[in-house]
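Reckoned from all heavy atoms, side chains included, excluding hydrogens, waters and symmetry mates.
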Amino acid sequence: MDAMPKWADVVLVPVVSLLLAAIISIIVFVAVGQDPWEALKLMSYGAVGTSDNLGYTLFYMTNFIFTGLAVAVAFHAALFNIGGEGQVLLGGLGATLAVLFVPWPHWTLALLAGSVAAALFGALWVAIPAYLQARRGSHIVITTIMFNFMASGLLIFMLAGPLKPVGEMQIATAVFPETVHLPSLHDIAQLFGLDTFGRSPVNISIFLALGACIGVWALIWHTRLGYQIRAFGQSESAARYAGISAVNITMIALLISGALAGMMAVNNTMGINNPQLVDNAAGGAGFIGIAVALMGRNHPVGIVIAALLFGALFQGGAELSAATQIPVQIVVVIQALVIMFTGALDEMVRSPIQKMFLRYGNKGVGAPAAVLPEGEE
């Protein structure tokens, strides 16, 4: 039985991880001759100091929610979908085909069509790795990594060939028609007489991301399928004994995961200020989603909080790099430290906290004394 209470796992472990990342980050700032306190203030201002900056933070948060949910659903089935980058790229291709060549009369219809197409393409892109894992025993990490590179190559081929506008030099599609542009939060705020979020690209797809969180919560914890996914993830042998098909759960969990990752493309294609599909549409969000899911403990509420933190790190880091002489690589180091401590080194933080609760947790709360064999004290 785990000696660590739930609140410690959900709150204390991530907080300690962030504190360790902050301490190392301070050392890095000092090493490059930058006042850590000033750097922190600049990053904070860059993330939430103005409505524009907050808008960019929320825009990045939207991306990370989708990819974090994608990783979390697979994690619940004990599967490690590391192919979020490729699934986002193919989701972008699906959304583009759905809205660029069909004359939708209103953005609401385009949002529905783009979301369905993005989810479908993302799911289809993970279908082959899922089948290889379920039927052939191929490791999902290896196959999804390979499919990331394949997705990048396929997208560049499409953007430089069939989807490239005549006479354009940029490797990108044409700008989407005006009728399929998603309203920004600035547009919505203006309906209420407010002037917030300014030029930032944060748009209505943030509500799509939050809706996806509710959907994943309902699926994983309040449906029979969700119970089967969690049971399979806890013990494959016990799940098989209970009549749960390992092949079906593997396929379904990964298809849902791929669909969620693909839906991120709605934000990065239809929702930006100049709506179009470009070659780097994923922007690393597929990999960041792994850290978001780990830090959020694979729960939608935790994922929203973790996505907001990483959104602030991305936006604040960009502002810090622009306002100081700190190289952008140092900002990437800071982001990597947070990812490392909340992801790769999670067990290093968790283990001593577990031991602490095991040693001191039950003292003074009326816990029964351990029953020792006769003759022992």
Quiz item: Just by modelled atom types, is the Ala285 backbone N or O under 3.5 Å from a matching donor or acceptor in the Asn63 side chain?
Solution: no
Practice problem: Would you check if the side chain of Asp279 reaches a backbone N or O of Leu159 as a donor-acceptor pair within less than 3.5 Å? | Solution: no
Quiz item: Does the side chain of Phe314 come within less than 4.5 Å of Tyr56's, by heavy atoms?
Solution: no
Self-check item: Test item: Ser200 side-chain N/O and Phe197 main-chain N/O as donor-acceptor pair under 3.5 Å
Solution: yes
Self-check item: Closest contact, heavy atoms only, Trp221 versus Pro300
Solution: CZ3-CD, 3.6 Å
Exercise. Could you tell me which residues satisfy side-chain contact (heavy atoms from CB on, under 4.5 Å) with Val180, sequence neighbours excluded, listed by chain and number?
Key: Val99, Trp104, Ala110, Phe176, Pro177
Exercise. Could I get the full list of salt bridge (Lys or Arg N to Asp or Glu O under 4.0 Å) partners for Arg135, not counting sequence neighbours?
Key: none
Quiz item: Is there a donor in the side chain of Thr108 and an acceptor in the side chain of His106, or the other way round, less than 3.5 Å apart?
Solution: yes
Quiz prompt | Side chains of Gln170 and Gln276 in contact at under 4.5 Å (non-hydrogen atoms) | solution = yes
Quiz item: Which pair of heavy atoms, one from Thr57 and one from Gly311, lies closest together, and at what distance?
Solution: CG2-C, 3.7 Å
Quiz item: Roughly how far, to the nearest 0.5 Å, is the CD1 atom of Ile204 from the OG1 atom of Thr62?
Solution: 11.5 Å
Exercise. Return yes when atom CZ of Phe101 has more than 12 non-hydrogen atoms of other residues, nucleotides or ligands closer than 6.0 Å, and no otherwise.
Key: yes
Quiz item: Only one of Ile290, Leu18, Ile305, Ile303 forms a side chain to side chain contact (heavy atoms under 4.5 Å, CB included) with Met295, so which one is it?
Solution: Leu18
Quiz item: Between Asn203 and Gly271, is there a donor-acceptor pair closer than 3.5 Å when you use the side chain of the first and the backbone of the second?
Solution: yes
Quiz item: Under a 4.5 Å cut-off applied to non-hydrogen side-chain atoms, are Thr67 and Phe287 in contact?
Solution: no
Quiz item: Counting distance only, does the side-chain N/O of Thr269 pair as donor-acceptor with the main-chain N or O of Ala265 below 3.5 Å?
Solution: yes
Exercise. For the residue pair Arg230 and Ile220, establish whether any side-chain heavy-atom pair is separated by less than 4.5 Å.
Key: yes
Quiz item: Quick one: does Arg297's side chain get under 4.5 Å of Pro14's, heavy atoms only?
Solution: yes
Quiz prompt | Whether Asn268 side chain and Val278 backbone form a donor-acceptor pair below 3.5 Å | solution = no
Quiz item: Can you list the steps and then say if Ser152 with Asn148 is a side-chain contact (heavy atoms from CB on, under 4.5 Å)?
Solution: CA-CA 6 Å; Ser152 179; Asn148 283 338; over 6 Å; no
Exercise. With rounding to the nearest 0.5 Å, note down the distance linking CG in Leu277 to CG in Leu97.
Key: 9.0 Å
Self-check item: Spatial distance of atom CG (Leu40) from atom CG (Asp35) [nearest 0.5 Å]
Solution: 10.0 Å
Exercise. Is it possible for you to say whether Tyr45 and Phe29 belong to one hydrophobic cluster, with membership spreading through side-chain heavy-atom contacts below 4.5 Å?
Key: no
Quiz prompt | From OG1 (Thr196) to NE2 (His186), nearest 0.5 Å | solution = 7.5 Å
Quiz item: Less than 4.0 Å between a side-chain N and a carboxylate O, is that true for Arg240 and Glu236?
Solution: yes
Self-check item: Closest non-hydrogen atom pair, Ser257 against Val71
Solution: OG-N, 4.3 Å
Quiz item: Taking side chain as C-beta onward, heavy atoms only, is Val338 less than 4.5 Å from Phe310?
Solution: yes
Quiz item: ring-ring contact (aromatic ring centres under 6.0 Å, His included) with His222: which residues, sequence neighbours excluded?
Solution: Trp217
Self-check item: side-chain contact (heavy atoms from CB on, under 4.5 Å) assessment of Met61 paired with Ile206
Solution: CA-CA 8 Å; Met61 182 188 81; Ile206 190 173; 3.7 Å; yes
Self-check item: Closest contact, heavy atoms only, Ala117 versus Ala95
Solution: CB-N, 4.2 Å
Exercise. Report the distance from atom CD1 of Ile229 to atom OH of Tyr227, rounding to the nearest 0.5 Å.
Key: 13.0 Å
Self-check item: Within-4.5 Å side-chain heavy-atom neighbours: Leu337 and Met340
Solution: yes
Practice problem: Give the intermediate values and the outcome of side-chain contact (heavy atoms from CB on, under 4.5 Å) for residues Leu313 and Tyr60. | Solution: CA-CA 10 Å; Leu313 279 173; Tyr60 292 126; over 6 Å; no
Quiz item: Nearest heavy-atom pair of Ala151 and Leu89: which atoms, and what distance?
Solution: C-CD1, 4.2 Å
Quiz item: Among side-chain atoms of Asn81 and Thr144, is any donor-acceptor pair under 3.5 angstrom?
Solution: no
Exercise. Could you list the residues that satisfy side-chain contact (heavy atoms from CB on, under 4.5 Å) with Pro103, not counting sequence neighbours?
Key: none
Quiz prompt | Transitive ILVMFWY side-chain link Val116 to Val266, under 4.5 Å | solution = no
Exercise. Please report the closest heavy-atom contact between Cys213 and Leu69, naming both atoms and the distance.
Key: N-CD1, 3.7 Å
Quiz item: Tell me, do Pro275 and His181 make a side-chain contact under 4.5 Å, heavy atoms counted?
Solution: yes
Quiz prompt | Side-chain donor/acceptor of Gln87 to backbone N/O of Ala259, under 3.5 Å | solution = no
Self-check item: Residues, nucleotides or ligands: over 12 heavy atoms within 6.0 Å of Ile128 CD1
Solution: no
Quiz item: Under a single-linkage definition using a 4.5 Å side-chain heavy-atom cutoff for Ile, Leu, Val, Met, Phe, Trp and Tyr, are Val11 and Leu19 assigned to the same hydrophobic cluster?
Solution: yes
Practice problem: Give a yes or no answer on whether the side chain of Asn53 reaches the backbone of Ala47 with a donor-acceptor pair at less than 3.5 Å. | Solution: no
Practice problem: Go through Leu90 and Leu93 one step at a time and tell me if the side-chain contact (heavy atoms from CB on, under 4.5 Å) criterion holds. | Solution: CA-CA 5 Å; Leu90 265 292; Leu93 181 60; 3.9 Å; yes
Quiz item: Which value, rounded to the nearest 0.5 Å, describes the distance between Met356 atom CE and Ile353 atom CD1?
Solution: 6.0 Å
Quiz item: ring pair (Phe, Tyr, Trp, His ring centres under 6.0 Å): which pairs involve residues 111-151, sequence neighbours left out?
Solution: Trp125-Phe147
Quiz item: Does Gln228 have any side-chain contact (heavy atoms from CB on, under 4.5 Å) partners at least two apart in sequence or in another chain, and if so, which?
Solution: Arg224, Leu225, Ile244, Ile249
Quiz item: Can you get from Phe341 to Ile26 by hopping between Ile, Leu, Val, Met, Phe, Trp and Tyr side chains that sit under 4.5 Å apart?
Solution: no
Self-check item: Pair Phe80 + Phe75: ring centers closer than 6.0 Å
Solution: yes
Quiz item: Would Val301 and Leu309 show up in the same hydrophobic cluster when neighbours are defined by side-chain heavy atoms closer than 4.5 Å?
Solution: no
Exercise. Evaluate whether atom CD of Glu38 has more than 12 neighbouring non-hydrogen atoms of other residues, nucleotides or ligands under 6.0 angstrom away.
Key: yes
Quiz item: Counting distance only, does the side-chain N/O of Asp187 pair as donor-acceptor with the main-chain N or O of Ser184 below 3.5 Å?
Solution: yes
Quiz prompt | Whether Thr250 side chain and Ala134 backbone form a donor-acceptor pair below 3.5 Å | solution = no
